[in-house]
Visitor: 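One structure coming up, written as structure tokens, with questions to follow.
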There are 2 protein chains.
Amino acid sequence: MPATIVDIKEKTGLSLATISKYLNGGNVLPENKVKIEAAIKELHYEVNELARGLVTNKTNTVGILVFSIESPFTGMILHHVGEALRKKGYGMLIVDSCDDEQIEARNVKYLISKKVDGIIVLPVASRGDFLSPAQNAKIPIVLLDRSLSDIQYDCVRIDNRKSTYNAMKELINRNHKKIAVIASEREYTGRERFNGFMEAMRDAGLEVPADYQIRGTHSIATGYNGMKKLMALKDRPTGVFMSNYEITLGAMLSMNEAGFRCPDDISLLGFDDQLFFHLLQPQVYMVEQPMKALGERAVELLIGRMNGIIDEDPIEIALGTRLQEGNSIKTL
Amino acid sequence: MPATIVDIKEKTGLSLATISKYLNGGNVLPENKVKIEAAIKELHYEVNELARGLVTNKTNTVGILVFSIESPFTGMILHHVGEALRKKGYGMLIVDSCDDEQIEARNVKYLISKKVDGIIVLPVASRGDFLSPAQNAKIPIVLLDRSLSDIQYDCVRIDNRKSTYNAMKELINRNHKKIAVIASEREYTGRERFNGFMEAMRDAGLEVPADYQIRGTHSIATGYNGMKKLMALKDRPTGVFMSNYEITLGAMLSMNEAGFRCPDDISLLGFDDQLFFHLLQPQVYMVEQPMKALGERAVELLIGRMNGIIDEDPIEIALGTRLQEGNSIKTL
DNA sequence: TAAAATGAACGAAACGCTTCGAACTGGTGA
DNA sequence: TCACCAGTTCGAAGCGTTTCGTTCATTTTA
């Protein structure tokens, strides 16, 4: 039903080859150019990218595999990734893993069958097996935000451990001794931030009793329940580090509900700045990621691989972070 | 390089037709089934959806055109839309218009050339011209969240006017007389909510002076600057209605900064509930949209059109909303 | 036991495009 | 005037699938 190049051929009397040449920016006689353009307009012709992709073996599309499209973090990063890709002439095929490894594995095969030219992954799983179909298909892959524990792929992320380590000084230098942590343990970032926390504590000569170490998932529930447990302790911590946006949100909800005040009752240090945190009183100290740079670097790296310009072993890029200061930490 | 159905043919000695039949769930002798499955595993075969789409003229992909992928509202709605589509066996091709009508128009053509089976649109533009290429190509279209001013398409949204009208009673019944509004005027939702606001005021016999009517864009800046202007007025309003998430955020930031308290100095009524608003003290009265239902109904409608099951004139579905109560409104 | 009916497998054409090498142009220089 | 050349145009093959109409093998029925 929709117009094809053959319709253009019949309308103009030119050959398929000439029309194709025009469509791809080749040189065509001015008079023919006019004819073709008129026919395109008249017939509402749009190139069929399926057919084009079939012969060129390129789709100009990058697959984006996100752990959850619902998270505000994802939204921001997608915005920057999308913009960077658009500037380079690529579209993106986003697939949502809904925080589910099964779905994630299926999604990889989906992207392969859609013949994407490359894949950017914000993974759910922490092991890389699920990516091997793409690797077999020789599709370039770049991890974003989260690294994997077994196989090394190109990866663009922040230095989670160091960022946490440095941010912890805000609590430590204000004489907090009893500091708890609520961290996700299912993904890379949560584990790294947890490790950064523990290192900071160790180097400061501070103990972290087992009930100060709350591990859970990347979720509001983990923050909510974790903080609840901490508040119920006989020997309560004076400060708490929370490893991501959702956990920070949940923990604060739970404090609000219980009538605990920050920083009077408990001092807080969180991760992943989002504008609305600025609304809160007190304003929370947050580690802020360079979203735009993350997206751009990932795209740059991926395109380098796709064009074969970059051809070395896997590269791991760890960007620095900024600490958004607040007044959520009391000096003891 | 990647394996094709021809490789399978050679490995198994069967014909293309038989293998294709297997791939599409047709009946094949058990022994052949085993052979095919073994070959698929061994060769890491994945169907080439480009080729398949070219002949079937179906891609099992729905294009999603969003005004901005950065907004948390978008993230939530995409999650539900995606889930509903996945259950029906469809993938989604998301394109971000970055709040820019030019990009939006280009994106429509992009989706057409990608041969999506249908399109769900959260539009930037308020006129529908940009969709005509898709209409010419006979691709079913469903609008989501926002309607258009000129052409009527299928649309799933909330009843913006009525929701606002009803929510306004919270302010009016608490004896507020001087109520201001900060609303976006560029998109449908903002205009409708503005109208709902004005109707509620008129029916209550209340005046709305010009400097109480702040119109702007769907942005934090509009909320921020709007509230600033209101706070600077000699005759300040006692209550303010804000037409969406971003504006509410911006307005509150600006109040916080200026040291204005809610509800003591100004009472607030907002739109688009997001979990983090529950963290704020006081908790803001917010009109909450049924995100899941919106996504599901849109998908349902679109699939109905794609299958030709629904075949009537454009349908406009307006869902109801819920008011999230808070303590941001003072009784005068 | 032969004919009819069932179920699977097959060959070839088609989907809409790109691309390669060959065939045309008209203008130039010998 | 003719051979040559650069610049366009053209025809045909091929990308990886599905599908239609046909053939083939097996089972059922009379």
Side-chain angles (χ1 to χ4, degrees), chain A residues 1-37 39-40 43-61 109-117 137-139, chain B residues 1-37 39-40 43-61 109-117 137-139:
Chain A
M1 194 72 182
T4 75
I5 209 176
V6 176
D7 299 321
I8 309 275
K9 164 197 161 106
E10 270 153 22
K11 191 131 236 133
T12 59
L14 296 164
S15 74
L16 294 184
T18 303
I19 297 159
S20 171
K21 194 177 178 192
Y22 167 84
L23 290 174
N24 292 288
N27 271 338
V28 167
L29 289 183
E31 41 179 310
N32 290 336
K33 200 164 178 171
V34 172
K35 275 196 223 163
I36 296 176
E37 277 163 0
I40 287 181
L43 300 171
H44 301 299
Y45 173 77
E46 299 282 342
V47 173
N48 182 333
E49 292 287 350
L50 262 41
R52 176 180 275 177
L54 185 58
V55 25
T56 59
N57 211 21
K58 280 204 61 189
T59 52
N60 293 313
T61 300
K109 299 193 174 180
Y110 176 77
L111 290 178
I112 296 173
S113 67
K114 286 290 184 182
K115 295 286 160 185
V116 294
D117 297 333
K138 306 261 186 286
I139 302 177
Chain B
M1 193 75 182
T4 74
I5 211 176
V6 176
D7 300 320
I8 308 274
K9 164 198 161 104
E10 268 150 24
K11 190 132 234 132
T12 59
L14 295 165
S15 75
L16 294 184
T18 304
I19 297 160
S20 171
K21 193 175 176 191
Y22 166 85
L23 290 173
N24 293 288
N27 271 339
V28 168
L29 288 184
E31 39 179 315
N32 291 337
K33 200 164 178 170
V34 172
K35 275 197 225 164
I36 297 176
E37 278 162 359
I40 288 181
L43 300 172
H44 301 299
Y45 173 78
E46 299 281 343
V47 172
N48 183 333
E49 292 287 352
L50 260 42
R52 176 181 276 178
L54 184 58
V55 25
T56 59
N57 210 20
K58 279 204 61 187
T59 53
N60 294 312
T61 300
K109 298 192 175 180
Y110 176 77
L111 291 178
I112 296 173
S113 67
K114 286 290 183 183
K115 295 288 160 186
V116 294
D117 297 333
K138 304 262 187 288
I139 302 177

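Chain letters run A, B, ... following the sequence lines, proteins first, then strands; residues in each count from 1. Worth saying up front: this structure is predicted, and the values here are computed from it rather than measured.
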Visitor: Which of the following nucleotides, dT18(D), dC17(C), dG11(C), is nearest to the side chain of I5(B)?
Guide: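 Looking only at heavy atoms from C-beta outward on I5(B), the closest nucleotide is dT18(D).
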Visitor: What heavy-atom pair brings L54(B) and A51(A) nearest, and what distance separates the two atoms?
Guide: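 So the minimum-distance heavy-atom pair works out to CD1-CB, 3.7 Å.
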Visitor: Among dC15(C), dT19(C), dA9(C), which is the nearest nucleotide to the side chain of L54(B)?
Guide: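 Shortest atom-to-atom distance from the side chain points to dC15(C).
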Visitor: I want to check one thing: is the phosphate of dT18(D), taken as OP1 and OP2, less than 4.0 Å away from some side-chain N or O of Y22(B)?
Guide: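 No, Y22(B) has no side-chain N/O under 4.0 Å of OP1/OP2 on dT18(D).
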Visitor: If you only use heavy atoms from C-beta on, which nucleotide in dT19(C), dA9(C), dC10(D) is closest to the side chain of S15(A)?
Guide: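 Looking only at heavy atoms from C-beta outward on S15(A), the closest nucleotide is dC10(D).
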Visitor: Which nucleotide in the set dT18(D), dT9(D), dC20(C) lies at the smallest distance from any side-chain heavy atom of L23(B)?
Guide: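 When the side chain of L23(B) is considered, dT18(D) is the closest of dT18(D), dT9(D), dC20(C).
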Visitor: So does N32(B) get a side-chain nitrogen or oxygen closer than 4.0 Å to the phosphate oxygens (OP1/OP2) of dA8(C)?
Guide: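 No.
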Visitor: Between dT25(C) atom C1' and E31(A) atom CD, what is the distance in whole Å?
Guide: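 In whole Å, dT25(C) C1' lies 12 Å from E31(A) CD.
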Visitor: Specify the separation, in whole Å, of atom NZ of K58(B) and atom P of dC15(C).
Guide: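 After rounding, the gap between these two atoms is 19 Å.
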Visitor: Does the S20(A) side chain pair with the main chain of L16(A), one donor and one acceptor, at a distance under 3.5 Å?
Guide: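 Pair absent, no side-chain N/O of S20(A) close to backbone of L16(A).
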Visitor: Measure across A3(B) and L43(B) and return the closest heavy-atom pair with its distance rounded to 0.1 Å.
Guide: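 For A3(B) versus L43(B), the nearest heavy atoms are CB-O, 3.5 Å.
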Visitor: Report the nucleotide, chosen from dC17(C), dT18(C), dC10(C), that has the shortest atom-to-atom distance to any side-chain atom of S20(A).
Guide: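 Closest nucleotide among those given: dT18(C).
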Visitor: Using a cut-off of less than 4.0 Å, is there contact between a side-chain N or O of N24(A) and OP1 or OP2 of dT18(C)?
Guide: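 Affirmative; the distance criterion is met.
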Visitor: Starting at the 5' end of DNA chain C, which residue's closest nucleotide do you reach first, K21(B) or T4(A)?
Guide: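 Per heavy-atom nearest nucleotide, the more 5' residue is K21(B).
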Visitor: When you get a sec, tell me which of dT19(C), dC10(C), dT9(D) is the closest nucleotide to the side chain of A17(A)?
Guide: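 Given the options dT19(C), dC10(C), dT9(D), the side chain of A17(A) is closest to dT19(C).
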Visitor: Would you indicate which nucleotide in dC10(D), dT18(C), dA9(C) comes nearest to any side-chain atom of T56(A)?
Guide: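 The nucleotide sitting nearest to the side chain is dT18(C).
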Visitor: Taking CG from L16(B) and P from dA14(C), how many angstroms apart are they, rounded to a whole number?
Guide: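 In whole Å, dA14(C) P lies 16 Å from L16(B) CG.
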Visitor: Taking the minimum atom-to-atom distance to the side chain of R52(B), which one of dG16(D), dC17(C), dT18(D) wins?
Guide: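 Of the options given, the side chain of R52(B) lies nearest dT18(D).
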Visitor: Let me know the distance between NZ of K9(B) and P of dG16(D), rounded to the nearest Å.
Guide: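 For the pair K9(B) NZ and dG16(D) P, the rounded distance is 14 Å.
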Visitor: Take the protein atom CG of L29(B) and the nucleotide atom P of dG7(C), then report the distance between them rounded to whole Å.
Guide: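 In whole Å, dG7(C) P and L29(B) CG are 12 Å from each other.
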Visitor: I19(A) has an atom CD1; how far is it from atom P of dA12(D), in whole Å?
Guide: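 Rounded to whole Å, this separation is 16 Å.
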Visitor: Quick one: L50(B) CG to dG14(D) P, roughly how many Å, whole number?
Guide: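 In whole Å, dG14(D) P and L50(B) CG are 20 Å from each other.
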Visitor: Of all the nucleotides listed (dG16(C), dT9(D), dG16(D)), which has the minimum atom distance to the side chain of N48(B)?
Guide: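 From the listed options, dG16(D) comes nearest.
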Visitor: Tell me the closest heavy-atom pair linking K9(B) and L14(B), and the distance in Å.
Guide: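 Minimum heavy-atom separation between K9(B) and L14(B): CG-O, 3.1 Å.
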Visitor: Within less than 4.0 Å of OP1 or OP2 of dT8(D), is there a side-chain N or O belonging to N27(A)?
Guide: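 For N27(A), the contact criterion (side-chain N or O under 4.0 Å from OP1 or OP2 of dT8(D)) is met.
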Visitor: To the nearest Å, give me how far apart NZ (K33(B)) and C1' (dA8(C)) are.
Guide: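 Distance, rounded to whole Å: 14 Å.
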Visitor: Determine the minimum heavy-atom distance between Y45(A) and T4(A), stating which atoms define it.
Guide: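 Nearest heavy atoms, Y45(A) then T4(A): CE1-C, 3.6 Å.
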Visitor: Taking T12(B) for its side chain and I36(B) for its backbone only, find out whether a donor-acceptor pair lies under 3.5 Å.
Guide: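 Side chain of T12(B) to backbone of I36(B), a donor-acceptor pair under 3.5 Å: no, none is there.
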Visitor: Check this one for me: any side-chain N or O of T18(B) less than 4.0 Å away from OP1 or OP2 of dA8(C)?
Guide: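 The answer is no; no side-chain N or O of T18(B) sits under 4.0 Å from OP1 or OP2.
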